[in-house]
2 protein chains.
Amino acid sequence: MISRRGLSATSIREMAKHAKAPLGSTYHYFPEGKQQLATEAVRHTGEWVARSLRRELEAGPVAGLRAFLTLWRKIVVDSDFHAGCPVLAVSIEEPPADEIPPALAAAAEVFAQWETLLAASLRDHGADPRRADQLATLVVAAVEGALAMCRAKRTTEPLDRAAQQLQALIADAIEG
Amino acid sequence: MISRRGLSATSIREMAKHAKAPLGSTYHYFPEGKQQLATEAVRHTGEWVARSLRRELEAGPVAGLRAFLTLWRKIVVDSDFHAGCPVLAVSIEEPPADEIPPALAAAAEVFAQWETLLAASLRDHGADPRRADQLATLVVAAVEGALAMCRAKRTTEPLDRAAQQLQALIADAIEG
DNA sequence: GGTAGACTATGACGATCGTTATAGCCAGCG
DNA sequence: CGCTGGCTATAACGATCGTCATAGTCTACC
């Protein structure tokens, strides 16, 4: 739900109803309220994607990238362009001026984890270390941005176009 | 304000107060309410960025890209990682199931405009047309995604890393 | 000076938000 | 059987939301 509506537009009432759980139970299992819900949602998504990434990266960076792209493409298409990445959704919520909410910190960690996985695989396959780091960041950033563009345009074209360039880039980096 | 909080978390009351305008006036000048506010905000930002892009692209795609990057980098840094791109913020709000709100359509047009400007400049400088389109999309997507990552991590590193790769890519494309 | 019309001030409307309190149900153990 | 304690149901709290209606103010033209 966060990946569809964003964090602030996702109400606990709706969430409980969608989960067919009573509203009262929400605060029994998540005593810290909405922040905890958001944090655990981000971490859950992060781990889910990271698992898929780890598995597919065993066949090399090209296969890993393809899996990453396919995964997000499926989410956008299956939701008829209504859903995106919940980690990005949490990232663009404004935090209070003086502290960093745990959900935002979790989002940062998730991004870092995805980048680390990609960069390590690139290095293992002969890419220059510095370039590997930059490419991993570029991949995550481009996919996240392309997802949002797909939702606005109601087309998968942005993701598909970015995918082509990213694939060529990765292929070039591991044989240079 | 949309670029900080997102659309649904931005209240008309707060907006009017921030603009030192009376709340009643909002519905006098924007009779269609919040949707109209969002649409005009998206279009305004789109035109503002497009103007800067057109100006800098006269010196070539490399200069244009650098201006695009610098512009967004400044917004993130000046806001102490609290603000991002309002067009992206509007893009990831879930629309009603049966219709497309005008603000979302405006966001799609803005993205398309930025891509068109970049792609045209790339073609004018000798890039392969197909590659030019893909690269233009990649640039916009990567910058939008990197902005969100910067906010989560409270660092400009994602944007700077993506920038390096994008600059190399553009340079390579216009001399291939 | 008076009057029309653009703008503002004010307050209200129903709805929904996150969160909490409290009363009730209902398993499991003695 | 009785009772304890985890879970649920329900209602309420104050706050805030988008939107609208209405009464008031003020400017500008006749």
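So you know, we letter chains A, B, ... as the sequences are listed, proteins then strands, and number each from 1.
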Practice problem: Report the residues that fulfil salt bridge (Lys or Arg N to Asp or Glu O under 4.0 Å) with B/Lys153, sequence neighbours left out, ordered by chain and then residue number. | Solution: A/Glu115
Practice problem: Identify whether any heavy atom of A/Thr10 sits under 4.0 Å from a base atom; if not, whether one sits that close to sugar-phosphate; answer base, sugar-phosphate or nothing. | Solution: sugar-phosphate
Practice problem: Under the salt bridge (Lys or Arg N to Asp or Glu O under 4.0 Å) rule, collect the residues that match up with A/Arg5, sequence neighbours excluded. | Solution: A/Glu14, B/Glu94
Self-check item: Short side-chain donor-acceptor distance under 3.5 Å, B/Arg4 and B/Ser79
Solution: no
Quiz item: Once you round it to whole Å, what is the distance between C1' of C/dC17 and NZ of A/Lys34?
Solution: 8 Å
Exercise. Residues of residues 11-30 of chain B with any non-hydrogen atom less than 4.0 angstrom from an atom of DNA chain D: list those, numerically ordered, please.
Key: B/Ser11, B/Ile12, B/Arg13, B/Glu14, B/Leu23, B/Tyr27
Quiz prompt | Within residues 76-86 of chain B or reaching into it, pairs that qualify as salt bridge (charged side-chain N to carboxylate O under 4.0 Å, His left out) - sequence neighbours excluded | solution = B/Lys74-B/Asp78, B/Asp80-B/Arg154
List the atom pairs, with distances to 0.1 Å, where a side-chain N or O of residues 119-126 of chain A and a protein N or O form a donor-acceptor pair under 3.5 Å, not counting sequence neighbours.
{"residue": "A/Arg123", "atom": "NH1", "partner": "A/Asp133", "partner atom": "OD1", "Å": "3.2"}
{"residue": "A/His125", "atom": "ND1", "partner": "A/Ser121", "partner atom": "O", "Å": "2.9"}

Exercise. Give me the first and last nucleotide of DNA chain D, going 5' to 3', that has any atom under 4.0 Å from a heavy atom of chain A.
Key: D/dC7 to D/dA12
Practice problem: Would you check if B/Thr26 and B/Leu37 make a side-chain contact, meaning some heavy-atom pair closer than 4.5 Å? | Solution: yes
Quiz item: So, A/Gln36 and A/Glu40: side-chain donor and acceptor under 3.5 Å apart, yes or no?
Solution: yes
Quiz prompt | Pairwise distance OG(B/Ser8) to CD1(B/Ile92) - rounded to 0.5 angstrom | solution = 9.0 Å
